[in-house]
Amino acid sequence: MKDRYNHHELEEKWLKKWETGDLYRVGDFGERPGFYCLEMFPYPSGKLHMGHVRNYSIGDVVARFKTMQGYDVLHPMGWDSFGLPAENAAIKHGDIHPADWTTENINTMREQLKQLGFSYDWRREVATSHPGYYKWTQWLFLQLYNRGLAYRKRAAVNWCTSCATVLANEQVVGEGVCERCKTEVEKRELEQWFFRITDYARRLLDDLNLLEGWPEKVKIMQDHWIGRSEGTLIKFPVAGSNEEIAVFTTRPDTIFGVTYMVLAPEHPLVEKLIEGKEHAGAVRSFASRVSRLGEIVRTSADTEKEGLFTGAYCINPLNGETVPVLVANYVLYEYGTGAVMGVPAHDQRDFEFARKYGLPVRLVIKPPEKELGPETMEEAYEEEGIMFNSGIFDGLTSGKGKETVTDYLQEKGLGGRRVNYRLRDWLISRQRYWGAPIPIVYCDNCGVVPVPENQLPVLLPRNVAFKPTGQSPLADCPDFLQTSCPTCGGAAKREIDTMDTFMCSSWYYYRYTSPREENKVWDKAKVNRWLPVNQYIGGVEHAVLHLLYSRFFTKVLYDLGLVEVMEPFTNLLTQGMVLKDGAKMSKSKGNVVSPEDIIKNYGADTARLFILFAAPPERDLEWSDQGVEGCYRFLNRLWRLVVPLADNLSGISDQVLAQDLTVEERQMRRLTHQTIKKITDDISDRFNFNTAVSAIMELVNGIYKYKEENGNHKPEVLKEAVKNLLLLLAPFAPFITEELWEAIGGKGSVHKQSWPVYDLEAMAEEEVEIVIQVNGRIKERIRINTEASAQEMSEYVLAQPRIQQLIKGKQIIKVIPVPGKLVNIVVK
RNA sequence: GUCGGAGUGGCGGAAUAGGCAGACGCGUACGUUUGAGGGGCGUAUGGGAGACCGUGCGGGUUCAAGUCCCGCCUCCGACACCA
């Protein structure tokens with residue numbers, strides 16, 4: 001046994017032993033209950049960063065803890081390995097293929113993950129860029145296609161010039177920039193593949209209620225993203241034409257206040273309305289200017305509202321009034337019907353617009369205790385009130401009016417109830433090489449033809465040229481492009497777009513159950529055994545990306561009969577970022593701390609311990625080199641505590657006979673068992689690993705103190721303390737605990753032991769310190785028997801001489817005893 | 001603007017159900033061990049000479065408030081003309 005803690009030697013030793021012993025292998029159908037612990041798999045960008053270390057350290061504690069608690073834990077790892085950086089590297093350097101670049105990175109990062117001692121079952125590793133995986137990504141695409149959930153349409157889509165590809169709405173973030181590279185996104189009119197996620201809007205929203213184990217924050221973000229809105233559809237006939245303009249409104253009670261109608265510039269009706277009119281030219285150039293701007297600028301709140309009269313009029317179906325039809329930049333074609341009824345008196349946007357263009361303002365809702373005038377009001381009255389100026393509906397409240405007006409419209413065939421969602425369909429095609437090819441063929445005779453399942457995978461060709469042209473290399477690859485039609489056998493062309501990598505990551509957690517399955521997407525019995533994921537852990541940045549897409553996929557898979565769960569992830573933990581000097585670590589800021597260096601200088605145990613100790617998992621974590629030193633010191637301290645005792649303890653039982661113990665021995669046992677309880681609760685109820693670690697530190701401090709004061713009398717007490725200490729620390733610092741476990745004569749791996757159980761009797765305090773307050777201020781602390789009743793406490797406290805002194809000559813109003821805590825004496 | 005989250009010593013953070021604010025760690029100071037460096041060990045460490053005062057600010061509820069209620073401020077994050 002060495003007298004110095006040599007993390008290098010020790011970590012290397014155990015890595016080898018664990019690997020050859022298949023310590024972390026988990027079978028498909030064990031006898032123990034199953035627990036699926038999953039962390040979001042990484043993109044193999046090169047090397048691990050601290051965010052990864054944090055994510056995976058948290059997951060590893062959960063996995064090891066659950067294993068020790070008697071579960072069969074599925075704890076897999078893999079790679080989200082399609083994506084742009086690989087292709088960009090190829091374009092930039094020319095001599096490296098994305099596949100090779102990716103493989104190299106995977107090898108590096110896998111090695112790093114192993115060094116950190118994470119308990120993955122590596123036999124289950126998957127990589128989304130592997131043909132054995134993306135074959136099934138393509139197969140799933142076909143299942144969606146066959147159900148009518150994958151379709152092609154021409155639409156104005158988000159285009160990132162830097163990535164040279166389109167993006168889904170969820171991938172445009174912040175001020176309208178690309179989620180990946182933060183470049184401003186443009187609009188382009190292109191023909192693209194979409195998934196009908198909007199068909200699932202209702203279920204995605206309603207089932208958020210099933211997710212009791214998710215942070216409220218994430219559910220609120222998804223709720224808002226889906227954006228359900230209940231309202232009324234109303235049809236306004238166009239004057240002198242057979243056309244009609246449909247609008248969606250949540251305020252049908254304000255319909256008598258309509259003074260104009262607005263269409264989005266892209267609305268197809270615009271062209272029909274302006275045809276042959278004098279305004280036609282001006283409207284066309286306005287429309288093309290506005291729609292080119294893209295949603296970013298256009299939907300920004302500061303953008304000035306602009307509009308133009310089309311020359312057409314439409315008729316309010318309720319009062320028969322004729323109002324002008326305009327086009328305006330503030331109306332979005334993609335939302336609702338792409339048309340809005342203008343009610344300036346009761347909608348702030350309409351109000352601003354009307355004031356700017358001199359359109360009339362007509363009040364139709366009366367506020368409860370206020371008189372408004374159309375000329376004098378300075379903002380719209382958007383609250384509810386009593387309808388007036390509204391014909392037969394006068395006198396109704398807004399609430400009642402909404403219902404009554406809608407019923408009336410429905411009866412007359414002029415409209416009806418309608419639910420609208422903000423969510424749009426998921427754009428999944430990407431104009432890039434390094435992704436799963438969309439398994440579709442275009443045939444001059446047969447049109448769009450899906451590749452038959454038995455011809456999957458559609459392999460990515462390896463020999464293509466990577467040039468900075470912004471065009472997919474697949475377009476220049478005749479071997480790939482030219483094919484024959486699966487239906488008629490004639491000449492046909494392949495789809496050259498590849499799939500959004502979020503599609504690859506929407507189902508990987510199912511594949512882990514059957515990673516090498518060649519004949520089907522997965523073995524259903526295995527999926528049933530493990531899913532849903534009991535604990536999912538990852539960054540909150542995926543709140544409406546990966547997490548929404550995965551929920552959508554799961555619902556589709558459920559409908560297809562491929563899985564039996566409605567939701568993929570029962571419990572979700574979103575960890576905070578790792579910061580240095582208050583900012584996110586980044587190369588440009590030069591504040592990056594590399595996990596490699598930390599592992600080299602201090603070892604994996606220190607790295608893990610620090611990251612778990614420095615902050616609770618959901619919060620951001622401020623990196624501190626000194627904090628790392630502190631954790632390293634702690635492990636050294638642990639080493640110096642256990643090693644000298646090891647030989648003495650190794651032959652000794654930890655079964656303590658409760659009789660004949662000294663006060664100190666009872667105290668030691670109390671601390672041991674209290675710590676077991678504390679850590680068990682901290683991990684299982686709250687994920688408060690930071691307080692768990694601090695409790696372990698306290699136990700170490702306690703053992704030191706006990707050892708000094710007590711020599712080696714009753715070694716069972718010491719053995720019990722040390723043994724439990726190692727078991728409790730094992731999920732956090734797997735290497736050093738394994739080494740010390742061996743040293744104290746532990747049988748088998750520490751990681752295969754049962755989680756310790758606390759003994760209530762050993763834990764119980766005999767005396768507690770309670771506080772004596774007078775009028776809520778602390779005056780005295782005394783020790784008192786734990787068993788003392790409230791009555792006894794009060795009496796005992798009042799009998800204290802110092803208290804007698806304090807309350808002399810005063811009238812006791814009330815005495816409030818709180819057993820085990822305090823006694824408060826209220827005096828006057 | 002709307003919706004979330006946070007604000008506690010010199011620093012990271014603790015206080016789990018309204019009951020001792022500051023656990024644990026870092027830093028700092030002093031002492032000790034050592035030939036020295038490093039490391040270890042020990043003591044102290046919110047402020048104030050003190051009665052006392054202290055959890056972003058101002059009110060409130062309560063015997064008792066970091067914790068509950070009302071009104072603000074600051075920071076971070078998400079969404080942002082959604083009809």
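Note on naming: letters A, B, ... go to the chains in the order of the sequence lines (proteins, then strands), and numbering restarts at 1 for each one.
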Quiz prompt | From CA spacing to verdict: salt bridge (Lys or Arg N to Asp or Glu O under 4.0 Å), A/E618, A/K217 | solution = CA-CA 11 Å; A/E618 294 93 338; A/K217 171 169 65 163; over 6 Å; no
Quiz item: Is the charged tip of A/R424 near the ring of A/Y335: under 6.0 Å from the six-membered ring centre and within 45° of its axis?
Solution: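 Here A/R424 fails the 6.0 Å and 45° test against A/Y335.
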Quiz prompt | Contact state string [nucleotides 26-47 of chain B, B base, S sugar-phosphate only, - no protein heavy atom under 4.0 Å] | solution = SS------------SS------
Quiz prompt | Where protein sits on nucleotides 3-14 of chain B, one letter per nucleotide: B base, S sugar-phosphate only, - none, heavy atoms under 4.0 Å | solution = SS-------BSS
Quiz item: If you pin A/R251 and A/I770 to their nearest nucleotides in RNA chain B, which one's is more 5'?
Solution: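 Counting from the 5' end, the first nearest nucleotide belongs to A/I770.
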Quick test of your reading of the model: are [X] and [Y] salt-bridged, counting only N-O distances below 4.0 Å?
X: A/K219; Y: A/E216; value: yes
X: A/K187; Y: A/E266; value: no
X: A/E769; Y: A/K821; value: no
X: A/E306; Y: A/K356; value: no

Distance in angstrom units between [X] [atom1] and [N] [atom2], rounded:
X: A/I782; N: B/rC20; atom1: CD1; atom2: P; answer: 16 Å
X: A/Y632; N: B/rG25; atom1: OH; atom2: P; answer: 18 Å
X: A/E382; N: B/rC82; atom1: CD; atom2: C1'; answer: 13 Å
X: A/H224; N: B/rC79; atom1: NE2; atom2: P; answer: 10 Å
X: A/K677; N: B/rU16; atom1: NZ; atom2: P; answer: 13 Å
X: A/Q773; N: B/rA65; atom1: CD; atom2: C1'; answer: 12 Å

Exercise. For the pair A/D347 and A/E382, evaluate side chain to side chain contact (heavy atoms under 4.5 Å, CB included) and give the outcome as yes or no after the intermediate values.
Key: CA-CA 6 Å; A/D347 181 286; A/E382 294 189 317; 4.3 Å; yes
Between [N] and [M], how far apart are the two [atom1] atoms, rounded to whole Å?
N: B/rA21; M: B/rU67; atom1: C1'; answer: 11 Å
N: B/rG58; M: B/rC76; atom1: P; answer: 23 Å
N: B/rC72; M: B/rG7; atom1: C1'; answer: 14 Å
N: B/rG19; M: B/rG59; atom1: P; answer: 24 Å
N: B/rU55; M: B/rC68; atom1: P; answer: 15 Å
N: B/rA14; M: B/rC20; atom1: C1'; answer: 14 Å
N: B/rG56; M: B/rA6; atom1: C1'; answer: 11 Å
N: B/rC63; M: B/rG22; atom1: C1'; answer: 24 Å

Quiz item: After noting the C-alpha distance and the side-chain angles of A/D625 and A/W623, does the key distance pass the side chain to side chain donor-acceptor pair (under 3.5 Å) rule?
Solution: CA-CA 7 Å; A/D625 291 331; A/W623 187 266; 3.0 Å; yes
Self-check item: Syn/anti state of B/rG38 by chi, 90° boundary around 0
Solution: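 Anti, since the glycosidic angle lies more than 90° from 0.
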Can you pull out the residues from [range] that lie within a 4.0 Å heavy-atom distance of RNA chain B?
range: residues 693-701 of chain A; value: A/S694, A/M697, A/E698, A/N701
range: residues 815-828 of chain A; value: A/I816, A/V818, A/K821, A/L822, A/N824, A/V826
range: residues 342-356 of chain A; value: A/R349

Self-check item: Centroid-centroid under 6.0 Å between A/F732 and A/F613 rings
Solution: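 Between A/F613 and A/F732, which both carry aromatic rings, the centre distance is not below 6.0 Å.
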Quiz item: Regarding A/N724 and A/T672, is there a side-chain donor-to-acceptor distance under 3.5 Å anywhere?
Solution: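 There is no such pair between these side chains.
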Quiz item: Between B/rA83, B/rC52, B/rC63, which one does the side chain of A/R777 approach most closely?
Solution: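 Of the candidates, B/rC52 comes closest.
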Quiz item: Between A/F502, A/W225, A/Y200, which is the residue that forms a ring pair (Phe, Tyr, Trp, His ring centres under 6.0 Å) with A/Y549?
Solution: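 Between A/Y549 and the candidates, ring pair (Phe, Tyr, Trp, His ring centres under 6.0 Å) is satisfied uniquely by A/F502.
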Practice problem: Test A/Q674 against A/R670 for side chain to side chain contact (heavy atoms under 4.5 Å, CB included), laying out the working first. | Solution: CA-CA 6 Å; A/Q674 283 174 345; A/R670 198 174 300 131; 3.7 Å; yes
Practice problem: Give RNA chain B the dot-bracket treatment, 5' to 3': Watson-Crick (N1-N3 with N6-O4 or O6-N4) or G-U (N1-O2, O6-N3) under 3.5 Å, [ ] crossing, | other strand. | Solution: (((((((..(((......[....)))(((((((.....)))))))((....))..(((((..]....))))))))))))....
Quiz item: In terms of the angle between their ring planes, are A/Y357 and A/F353 parallel, tilted or perpendicular, with boundaries placed at 30° and 60°?
Solution: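 Answer is tilted, since the angle falls between 30° and 60°.
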